[in-house]
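The structure under discussion appears below in the form of structure tokens.
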Amino acid sequence: AQVNLQRVRLAFGRGRDECAAALGITTEGYRLKEVGKSPVTGFDLARLADLFGVPLTVAFPDYEPSPDELALVRHLRHAA
């Protein structure tokens, strides 16, 4: 499912600069993610959820992990 980063960001009262800093990218880099010209990963969404102070599933309820993200979770569970 496509995530509307701008809608979620505004709902949590955050600026692009804050979101960019949370992702470790420039404000322009974050803007490109908002307009769909740069990919958004589950890791990006997790960092933003941390910034917003809520679980990923609250901030982005329509998010569906990619097969690669699911594989990483499986491997991390086995490593723990």
Side-chain angles (χ1 to χ4, degrees):
Q2 179 72 23
V3 174
N4 187 326
L5 286 180
Q6 183 179 26
R7 179 184 54 76
V8 174
R9 173 177 60 78
L10 293 174
F12 284 97
R14 297 298 184 142
R16 281 186 177 149
D17 56 335
E18 294 173 282
C19 293
L23 299 183
I25 60 175
T26 65
T27 302
E28 175 62 11
Y30 182 79
R31 187 191 70 77
L32 291 173
K33 288 181 181 289
E34 275 196 351
V35 299
K37 295 194 178 199
S38 184
V40 178
T41 68
F43 304 109
D44 293 334
L45 299 181
R47 288 186 193 110
L48 291 172
D50 283 346
L51 173 67
F52 303 149
V54 297
L56 187 145
T57 54
V58 171
F60 304 100
D62 296 332
Y63 165 67
E64 296 177 16
S66 72
D68 288 339
E69 291 165 341
L70 291 172
L72 178 61
V73 169
R74 280 193 307 276
H75 286 281
L76 290 173
R77 282 188 185 143
H78 291 305

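Every residue two or more places apart in sequence or in another chain was checked for a side-chain hydrogen bond (donor to acceptor under 3.5 Å, both in side chains) with Ser38, and none qualifies.
Distance CD/Glu28 to NZ/Lys37: 10.0 Å, rounded to 0.5 Å. A distance of 13.5 Å separates NZ in Lys33 from CZ in Arg16, rounded to the nearest 0.5 Å. Once rounded to the nearest 0.5 Å, the distance linking OG1 of Thr27 with CD of Glu18 reads 10.0 Å. Distance check: Thr26 OG1 to Asp17 CG gives 11.5 Å after rounding to the nearest 0.5 Å.
Judged as a ring-ring contact (aromatic ring centres under 6.0 Å, His included), the pairs with a partner in residues 7-31 (not counting sequence neighbours) are, in order, Phe12-Phe52.
With hydrophobic clusters built from ILVMFWY side chains whose heavy atoms lie under 4.5 angstrom apart, Leu5 does not share a cluster with Leu10. The same ILVMFWY cluster, assembled from side-chain heavy atoms under 4.5 Å apart, contains both Leu48 and Tyr63.
For the pair Asp44 (side chain) and Thr41 (backbone), a donor-acceptor distance under 3.5 Å is present. For the pair Arg9 (side chain) and Arg14 (backbone), a donor-acceptor distance under 3.5 Å is present.
Proximity of Val8 to Phe60: side-chain heavy atoms (C-beta onward) are separated by under 4.5 Å at one or more points. Glu34 is not listed as a side-chain neighbour of Asn4, based on a closest heavy-atom distance of 4.5 Å or more.
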For side chain to side chain contact (heavy atoms under 4.5 Å, CB included), just list the numbers for Arg47 and Leu51, CA-CA rounded to whole Å, side-chain angles, deciding distance to a tenth of an Å, and then say yes or no. CA-CA 6 Å; Arg47 288 186 193 110; Leu51 173 67; over 6 Å; no

Would Val3 and Leu45 count as a side chain to side chain contact (heavy atoms under 4.5 Å, CB included) here? Give the steps. CA-CA 9 Å; Val3 174; Leu45 299 181; 4.0 Å; yes

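Smallest separation of non-hydrogen atoms from Ala59 and Ala49: CB-CB, 4.2 Å.
If you chain together ILVMFWY residues whose side-chain heavy atoms come under 4.5 Å of each other, Leu76 ends up grouped with Phe43, Leu72.
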